[in-house]
Amino acid sequence: MAAWTWRFEKTDGVEVQPAVEPEEFTTQGDAESWIGEHWKDLLAGGTDQVRLSEDTTEIYGPMSLHDAQEA
């Protein structure tokens, strides 16, 4: 079974510890729903952008959390 994971970064790509500890995600939809629920807390906690990976393959990113704030 695939493992979907988020990488939490500053705008320069340096990895940071997320303000909200992510769960283990078994689907892309679950991972995206989680980020949709928690992006404000992550942003407030110092995460500027995220990347989504399936196992060791990056699916997309960096995706700015600041863009979500403006949407």
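Residue numbers run from 1 in the order of the sequence given. These values consider heavy atoms only, across backbone and side chains, with no hydrogens, waters or symmetry-generated copies.
- Distance alone, capped at 3.5 Å, is enough to place a donor-acceptor pair between the S33 side chain and the G29 backbone.
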Start with the C-alpha gap between R51 and Y60, add the side-chain angles, then the distance that decides, and say whether side-chain contact (heavy atoms from CB on, under 4.5 Å) holds. CA-CA 6 Å; R51 296 174 189 267; Y60 61 77; over 6 Å; no
side-chain contact (heavy atoms from CB on, under 4.5 Å) evaluation trace for R7 with V50: CA-CA 5 Å; R7 175 182 162 97; V50 294; over 6 Å; no
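- Rounding to the nearest 0.5 Å gives a distance of 7.0 Å between OG1 of T5 and CG of L52.
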Stepwise, does the side-chain contact (heavy atoms from CB on, under 4.5 Å) test hold for E58 with E54? CA-CA 6 Å; E58 185 173 296; E54 180 184 10; over 6 Å; no
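- In this structure, the side chain of W6 does not engage the main chain of P22 through any donor-acceptor pair within 3.5 Å.
- Under the rule for a side chain to side chain donor-acceptor pair (under 3.5 Å), E37 has no partner lying at least two apart in sequence or in another chain.
- Taking each heavy atom of G45 and A19 in turn, the nearest pair found is CA-CB, 3.7 Å.
- Note that CD of Q49 and CG of L65 are 8.5 Å apart. Values are rounded to the nearest 0.5 Å.
- In this structure, OG on S64 lies 11.0 Å from CD on E9, to the nearest 0.5 angstrom.
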Give the intermediate values and the outcome of side-chain contact (heavy atoms from CB on, under 4.5 Å) for residues W34 and V20. CA-CA 10 Å; W34 182 88; V20 180; 3.7 Å; yes
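- W4 places none of its side-chain heavy atoms less than 4.5 Å from the side chain of D30.
- Remark: side-chain polar atoms of K10 are paired, donor with acceptor, to backbone N or O of G46 under 3.5 angstrom.
- Rounding to the nearest 0.5 Å places CG of D12 at 8.0 Å from CG of D48.
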